[in-house]
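Report on the following structure.
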Amino acid sequence: MKYSIAAAIVTVVGFASPAIASAVTFTNNCGFPFYYSKAWHGGEDFQVYDIGPHGGEGYEEIVEPPVGGVARGAVIKFHKGDGLTSGILQFEYTKEYDNAKRVKGIYWNFSHVDGDSPGVPGVSPFHDVGVMAIPLGTGRDVGTCTDIHCEAGEECKGSFLFDLDNIKVKHCSLELGSFEVEFCPIDNAAHKLRLEFSA
């Protein structure tokens, strides 16, 4: 496992997912590790990070837009270890503070636009296990600030399935606490209570 400081992103892998404002936390309930890379504002961290199986956890702090710059967002690219050219699932977001054309907030989505290979939509390497993204904290379940569930073996209709599938973009308040991205999700009341409490 690795950790680094790169372009205002602090990465810590291997700690229990904390309740940190403006973070994306990961939980891996699968029987195999998963891997991810990240890019932001035209830059990229070329390291590959891993989250272990059977309850492995980690997190990424959400990237702030450049001061006085245009918010262009960031992306976390997930795969099973075959790299970025064999199909990936992406968690994309933009933090918007001041834009006359858009409401302030965090705009985010799952994307399968590179699910098969770069530029080729597909089901992503996680099609067989299921993945979900859950916004936690202030503003949850308000408007489009709702969960995305990609069920195992099914097309993930809540994600980008092709380029410019913009109807899938979700919006949450800037006061939102965090996002939880869970692989091989556990669907039980106790688990949901833990997530709500951590927010």
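Just so you know, these numbers come straight off a predicted model, no measurement behind them.
Nearest heavy-atom pair, A152 versus D128, reported as atom, atom and distance to 0.1 Å: CB-O, 3.5 Å. Taking both residues in full, the closest heavy atoms of I148 and G158 are given as CD1-O, 3.9 Å, listed atom of the first, atom of the second, then distance. In this structure, P185 and N29 approach most closely via the heavy-atom pair CA-ND2, 4.1 Å. Of all heavy-atom pairs spanning N28 and P33, the tightest one is ND2-CA, 3.7 Å. Residues C145 and G139 share a closest heavy-atom pair of CB-O, 3.4 Å.
Cluster annotation: L176 is connected to Y93 through the hydrophobic network of ILVMFWY side chains, with a link wherever side-chain heavy atoms come within less than 4.5 Å. Under the 4.5 Å side-chain heavy-atom criterion for grouping Ile, Leu, Val, Met, Phe, Trp and Tyr, V75 is not connected to V24 through any hydrophobic cluster. I106 and F110 end up in the same hydrophobic cluster when Ile, Leu, Val, Met, Phe, Trp and Tyr side chains are linked at under 4.5 Å. Hydrophobic clustering keeps Y107 apart from Y97 (ILVMFWY residues linked when any side-chain heavy atoms are closer than 4.5 Å, directly or through intermediates). Criterion: ILVMFWY side-chain heavy atoms under 4.5 Å apart, direct or through other members. Under it, L136 and V142 are not part of a common hydrophobic cluster.
The CD1 atom of I76 sits 5.5 Å away from atom CD of E60, with the distance rounded to the nearest 0.5 Å. Rounded to the nearest 0.5 Å, atoms CG (D165) and CD1 (I167) are 7.5 Å apart. One distance of note links NE2 of H127 with CD of E151; it measures 11.0 Å at 0.5 Å rounding. If you take CD on E182 and CZ on F26, they are separated by 13.0 Å, rounding to the nearest 0.5 Å.
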Dump the intermediate steps for side chain to side chain donor-acceptor pair (under 3.5 Å) on E175 and S173, then the final yes or no. CA-CA 5 Å; E175 289 72 41; S173 164; 2.5 Å; yes
Worked verdict on K95 versus L174 for side chain to side chain contact (heavy atoms under 4.5 Å, CB included): CA-CA 8 Å; K95 212 168 188 181; L174 286 170; 3.7 Å; yes
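When side chains are defined from C-beta on, K38 counts as touching Y49, because their heavy atoms get closer than 4.5 Å. By the 4.5 Å heavy-atom criterion applied to side chains, I88 and Y36 are not counted as neighbours. A 4.5 Å side-chain heavy-atom check between C30 and F126 finds every atom pair outside the cut-off. By the 4.5 Å heavy-atom criterion applied to side chains, P125 and D82 are not counted as neighbours. No side-chain heavy atom of E92 sits less than 4.5 Å from a side-chain heavy atom of V113. Using a 4.5 Å heavy-atom threshold, the side chains of S159 and S111 count as separate. Between V131 and F78, the closest side-chain pair of non-hydrogen atoms is not below 4.5 Å. Between D147 and R140, some side-chain heavy-atom pair lies under the 4.5 Å cut-off.
The main-chain N or O of H171 is found under 3.5 Å from a side-chain atom of T144 such that the two form a donor-acceptor pair. Judged by distance alone, the side chain of K170 and the main-chain N or O of N109 form no donor-acceptor pair under 3.5 Å. Judged by distance alone, the side chain of D114 and the main-chain N or O of G87 form no donor-acceptor pair under 3.5 Å. At least one donor-acceptor pair closer than 3.5 Å links the side chain of K168 to the backbone N or O of K157.
For the pairing with L89, the side chain to side chain contact (heavy atoms under 4.5 Å, CB included) check across K77, H79, H112, K80 returns one residue only, H112.
Between F179 and F91, the ring center distance clears the sub-6.0 Å criterion.
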